[in-house]
Amino acid sequence: DLDFGLTKLRADQAGWQDGFLTTTFGPAGMLIRNRTEQPLAYEIKGPYSDWGGPYTLEPQQEHRFPIAYSVDCRYRANKRQREFLLPAGSGYEFKVVGDGEVDIYVAAEPPASDVQTTSLEKKEN
């Protein structure tokens with residue numbers, strides 16, 4: 001990954017052109033996975049945007065965001081609202097911790113192939 005100001009870019013392609021190594025970069029992206037047994041609703045907000053969502057994430061599913069910047073993420077679980085800053089270039093998981101509280105953590109492993117994925121591309125009007 002390449003940090004460029006507030007933007008995180010990831011090498012997308014690499015190759016040779018006229019004896020030079022060339023690289024194309026794209027957004028590092030982010031994924032959010034639900035490792036709980038209940039659907040979770042959350043909202044995200046970029047540095048220059050309003051809150052988007054709410055997005056509902058079913059159990060054992062994940063959403064991918066093709067972004068290159070950190071976002072604020074907020075959700076409500078067990079009658080408590082939580083808010084976290086999630087940097088681009090990583091994966092995050094909602095999990096139930098020992099006391100039954102739902103919290104969000106950095107994902108320890110890459111996405112599994114059996115997990116249903118939804119890409120939440122920004123739609124142009």
Side-chain angles (χ1 to χ4, degrees):
D1 287 350
L2 174 67
D3 289 325
F4 190 70
L6 298 176
T7 302
K8 184 169 271 197
L9 301 174
R10 181 164 288 161
D12 194 32
Q13 295 180 357
W16 292 96
Q17 183 177 0
D18 299 325
F20 294 98
L21 178 62
T22 61
T23 306
T24 304
F25 289 91
M30 179 182 62
L31 74 87
I32 300 175
R33 181 183 299 143
N34 184 357
R35 293 281 195 199
T36 73
E37 297 302 320
Q38 63 188 21
L40 287 166
Y42 66 94
E43 298 173 294
I44 60 171
K45 179 185 180 321
Y48 306 107
S49 69
D50 291 331
W51 288 100
Y55 304 106
T56 300
L57 193 53
E58 296 296 325
Q60 308 310 315
Q61 289 187 348
E62 64 187 30
H63 290 160
R64 290 182 181 269
F65 295 90
I67 59 174
Y69 47 84
S70 298
V71 296
D72 288 307
C73 175
R74 69 181 177 192
Y75 66 96
R76 180 173 289 283
N78 300 338
K79 299 180 182 178
R80 228 173 72 185
Q81 182 165 309
R82 308 286 312 266
E83 188 171 323
F84 294 93
L85 179 66
L86 305 179
S90 295
Y92 302 93
E93 297 178 335
F94 287 108
K95 293 182 184 181
V96 176
V97 292
D99 59 1
E101 289 289 320
V102 174
D103 219 339
I104 193 164
Y105 298 89
V106 175
E109 76 259 5
S113 59
D114 63 336
V115 175
Q116 184 176 354
T117 301
T118 304
S119 180
L120 298 173
E121 301 273 348
K122 183 175 179 180
K123 296 179 181 177
E124 299 293 327
N125 290 336

Quiz item: Got a second to check how far Leu40's CG is from Gln61's CD, nearest 0.5 Å?
Solution: 11.5 Å
Practice problem: Might you point out which heavy atoms bring Ser49 and Gly46 nearest each other, and give the distance in Å? | Solution: OG-N, 2.9 Å
Self-check item: Parallel, tilted or perpendicular: rings of Phe65 and Tyr42 (30°, 60°)
Solution: perpendicular
Exercise. Report the distance from atom NZ of Lys95 to atom CD of Glu101, rounding to the nearest 0.5 Å.
Key: 16.0 Å
Under 3.5 Å, which donor-acceptor pairs do the side chains of residues 66-75 form with other protein atoms, sequence neighbours left out?
{"from": "Arg74", "atom 1": "NE", "to": "Glu43", "atom 2": "OE1", "distance (Å)": "2.7"}
{"from": "Arg74", "atom 1": "NH2", "to": "Glu43", "atom 2": "OE1", "distance (Å)": "3.2"}
{"from": "Tyr75", "atom 1": "OH", "to": "Val102", "atom 2": "O", "distance (Å)": "3.3"}
{"from": "Tyr75", "atom 1": "OH", "to": "Asp103", "atom 2": "OD1", "distance (Å)": "3.3"}

Quiz item: Would you say Asn78 has more than 12 foreign heavy atoms packed within less than 6.0 Å of its CG?
Solution: yes
Can you give the donor-acceptor pairs under 3.5 Å from side chains of residues 17-32 to other protein atoms, not counting sequence neighbours?
{"from": "Thr22", "atom 1": "OG1", "to": "Gly15", "atom 2": "O", "distance (Å)": "3.2"}

Exercise. Kindly compute the distance separating CZ (Arg33) from CZ (Arg64), expressed to the nearest 0.5 Å.
Key: 8.0 Å
Quiz prompt | Step-by-step side chain to side chain contact (heavy atoms under 4.5 Å, CB included) determination, Gln60 to Glu37 | solution = CA-CA 8 Å; Gln60 308 310 315; Glu37 297 302 320; 3.7 Å; yes
Quiz item: Say you draw a straight line from NZ of Lys45 to CH2 of Trp51; how long is it, rounded to the nearest 0.5 Å?
Solution: 7.0 Å
Quiz item: Just by distance, do the side chain of Arg10 and the backbone of Gly89 share a donor-acceptor pair under 3.5 Å?
Solution: yes
Quiz prompt | Nearest non-hydrogen partners of Ile104 and Phe84, listed with the distance | solution = CG2-CD1, 3.4 Å
Practice problem: Enter the distance from Glu58:CD to Thr36:OG1 here, rounded to the nearest 0.5 Å. | Solution: 9.5 Å
